[in-house]
Amino acid sequence: MESLITQLSRQDVWDEYIAYRLLKGRFNWHEFREADRFVEKEQYLHLVQKIAQGEGLGLPKKKNVNKMGTGKKRVVYSFSPEEMMVLKVIAFKLYDYDGYFAPNCYAFRRGLKVHDAVIHLNQAVADQKMWAYKLDIHDYFNSIPIGILLPMLKEMMANDPLLYRFFQEMLSNDSVIYNGETIHERHGVMAGTPTSPFLANVYLKEVDRFFHDAGVIYARYSDDIILFAPDLATLEEYKRKMAEFLEQYQLEVNPDKEKIYSPDEAYEFLGFKCHGHDIDISEAAKKKMKGKIKRAAKSLMRWRNTKHIEAEKAMKGLINHFNKKFFENDDNDGLTWSRWFFPVINQTDGLKEIDHYLQQNIRYLSTGKHSKANYRTDYAKLKQLGYRSLVKEYFEGKVKGR
């Protein structure tokens, strides 16, 4: 059996990777041009040869980035652009190990999407009175103990010792570059690196398999987990079993995102709110989006007042910003709201709420106040400035079969 690592020296493997991303719409033009040039000039060969000889990668860089929809920061890691390119192709080829994972693991699986998790759960519990337990693992990727993970990888990659050696070298090195200096720290599987989602799936594969084999309605997407039971006593048993697993694997629950739902409540998972056969946008997702809208509007108002900018220019700026966020993201790996929510939801109350809130903030930029006077700027004016309604786009997409 040829090692995955030595396969990386073949151009056909790189061509397969590029073709796959193109077919899936995962490349913007700039990314495709850079990848194509990288492969055409065989710039990967030197690095792949170093890896095959056991030299490994350089030190990763650590940085803090804004956490989506909040004022909080999260820690991510990256290697050099060439190393990140090689890691992306390794991650692409790691789908060969997909058969090791249980069907209830939905994160980063070829042929499975986040939407599948929500739809499958909704179909499984829609006509039943079920209790639910939802949890989120605190700082999951960066807190995975490498000493526990490596034996799992060694067993899985028994037929590819070169691949295992690569991961052993990369994960065991606790040196990272932070603010220009080399530091030593526990970094887990390093969130932000292309192979971290696969490694995160490996770490909890036995947990997923346990609940699958026990016939429990359960889904995990990365660090988000939800499971169901017919009564509260059974749910508490499942909850205790989950706590045992997390203690065994030295992981912690995020208490702010842990919740038990009664059969009469709508449960929330991955940004969706489900009740019976109804699927809408979750309260948490709406709150995050409103926060983004409010912060953007305040920033534009400060800019307008400082630079004495015309109101319409500020209003158009807010409209253009959220049109891109909702509908037109150039980053094909980053899902817009329409690509994330529209294929799954069958209720539009959440879209209406966000539409109304955005309109309020666009009008706020015309006067600097939240008052009835803002409605002198009517809906026709908002459309003239480029405003696109989420509700309208949703129904138009349904008509066109998107």
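Scope of the values below: all heavy atoms of this structure, side chains included, with no hydrogens, waters or symmetry mates.
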Taking Ser143 for the side chain and Tyr140 for the main chain, is one N or O donor matched with an acceptor at less than 3.5 Å? yes
Counting distance only, does the side-chain N/O of Asp349 pair as donor-acceptor with the main-chain N or O of Asp280 below 3.5 Å? no
Less than 4.5 Å apart, side chain to side chain, heavy atoms only: is that true for Arg109 and Cys105? yes
Look at Lys392 together with Glu396 and state whether they make a salt bridge at an N to O cut-off of under 4.0 Å. yes
Look only at the side chain of Asn346 and the backbone of Ile279, and say whether a donor-acceptor pair between them is shorter than 3.5 Å. yes
Using only heavy-atom distances, determine whether the side chains of Asp223 and His138 contain a donor-acceptor pair under 3.5 Å. no
Just wondering, do Gln49 and Ser9 contact through their side chains at under 4.5 Å, heavy atoms? no
Go through the steps for Lys154 and Gln168 under the test side chain to side chain contact (heavy atoms under 4.5 Å, CB included), then give the verdict. CA-CA 9 Å; Lys154 189 172 185 179; Gln168 183 183 36; over 6 Å; no
Rounded to the nearest 0.5 Å, what separation is found between the CZ atom of Arg21 and the CD atom of Glu31? 6.0 Å
Applying ring-ring contact (aromatic ring centres under 6.0 Å, His included) between Phe108 and each of Tyr221, Tyr95, Tyr97, report the one that passes. Tyr221
Any side-chain heavy-atom pair from Ile345 and Tyr394 closer than 4.5 angstrom? yes
Is Lys41 close enough and on-axis enough to Phe38, meaning under 6.0 Å and within 45°, for cation-pi? no
Applying salt bridge (Lys or Arg N to Asp or Glu O under 4.0 Å) between Lys273 and each of Glu268, Glu283, Glu353, report the one that passes. Glu283
Run the numbers on Glu310 and Lys316 for salt bridge (Lys or Arg N to Asp or Glu O under 4.0 Å), then give the verdict. CA-CA 10 Å; Glu310 294 180 359; Lys316 196 165 185 177; over 6 Å; no
Taking the six-membered ring of Phe322, is the NZ or CZ of Lys324 close enough (under 6.0 Å from the centre) and on axis enough (within 45°)? no
Go through the steps for Phe167 and Leu149 under the test side chain to side chain contact (heavy atoms under 4.5 Å, CB included), then give the verdict. CA-CA 10 Å; Phe167 279 117; Leu149 172 64; over 6 Å; no
Would you give the length of the straight line joining atom CD1 of Ile362 to atom CG of Leu318, rounded to the nearest 0.5 angstrom? 5.5 Å
Decide side chain to side chain contact (heavy atoms under 4.5 Å, CB included) for Phe228 and Tyr238; before the verdict, give the C-alpha distance in whole Å, the side-chain angles of both, and the deciding distance to 0.1 Å. CA-CA 9 Å; Phe228 296 82; Tyr238 295 160; over 6 Å; no
Does NZ or CZ of Arg209 fall inside the cone over Tyr100's six-membered ring, less than 6.0 Å from its centre and within 45° of the axis? no
How about Tyr133 and Glu258: does a side-chain donor come under 3.5 Å of a side-chain acceptor? yes
So how far is it from Met85 CE to Gln43 CD, rounded to the nearest 0.5 Å? 8.5 Å
Stepwise, does the ring pair (Phe, Tyr, Trp, His ring centres under 6.0 Å) test hold for Tyr44 with Trp14? CA-CA 9 Å; Tyr44 53 85; Trp14 288 81; 4.6 Å; yes
Candidate pair Phe92 and Ile18, rule side chain to side chain contact (heavy atoms under 4.5 Å, CB included), full reasoning: CA-CA 10 Å; Phe92 170 73; Ile18 291 176; over 6 Å; no
Any chance you could measure Leu4, atom CG, to Phe166, atom CZ, to the nearest 0.5 Å? 9.5 Å
Is the backbone N or O of Asp208 less than 3.5 Å from a side-chain atom of Asn104, with the two atoms forming a donor-acceptor pair by type? yes
Please report the interatomic distance CG(Leu232) to CD1(Ile260), rounded to the nearest 0.5 Å. 6.0 Å
Taking the side chain as every heavy atom from C-beta outward, state whether Tyr364 and Met301 have any atom pair closer than 4.5 Å. yes
Please say whether more than 12 non-hydrogen atoms of neighbouring residues, nucleotides or ligands are located less than 6.0 Å from CD in Glu185. yes
Between Arg37 and Glu40, does the salt bridge (Lys or Arg N to Asp or Glu O under 4.0 Å) criterion hold? Intermediate values first, please. CA-CA 5 Å; Arg37 183 184 299 131; Glu40 184 180 11; over 6 Å; no
Looking only at the side chains, is there a donor atom on one of Tyr178 and Asn64 sitting less than 3.5 Å from an acceptor on the other? yes
What pair of heavy atoms forms the shortest contact from Leu163 to Ser3, and how long is it? N-OG, 4.0 Å
Are any of the side-chain heavy atoms of Lys61 and Tyr77 separated by less than 4.5 Å? no
Under a plain distance cut-off of 3.5 Å, with no hydrogens placed, do Asp355 and Tyr387 share a side-chain donor-acceptor pair? yes
Phe341 side chain near Leu390 side chain, heavy-atom distance below 4.5 Å: no
Should Asp264 and Lys129 count as an ion pair when the cut-off is N to O under 4.0 Å? yes
In chain order, what residues pass the side-chain contact (heavy atoms from CB on, under 4.5 Å) check against Ser175, with sequence neighbours excluded? Leu59, Asn173, Thr182, His184
Between Glu83 and Ser80, do the side chains contain an N or O donor and an N or O acceptor separated by less than 3.5 Å? yes
So, do Val207 and Met242 sit near enough that their side-chain heavy atoms are less than 4.5 Å apart? yes
Kindly indicate whether the side chain of Leu270, heavy atoms from C-beta on, has any atom under 4.5 Å from the side chain of Asp224. yes
Both conditions, 6.0 Å and 45 degrees, for the charged tip of Lys241 above the ring of Phe210: are they met here? yes
Can you tell me if His120 and Tyr106 form a side-chain donor-acceptor pair at under 3.5 Å? yes
From CD1 (Ile119) to CZ (Phe272), nearest 0.5 Å: 8.0 Å
For Ala52, does its backbone N or O pair with a side-chain atom of Arg165 as donor and acceptor, under 3.5 Å? yes
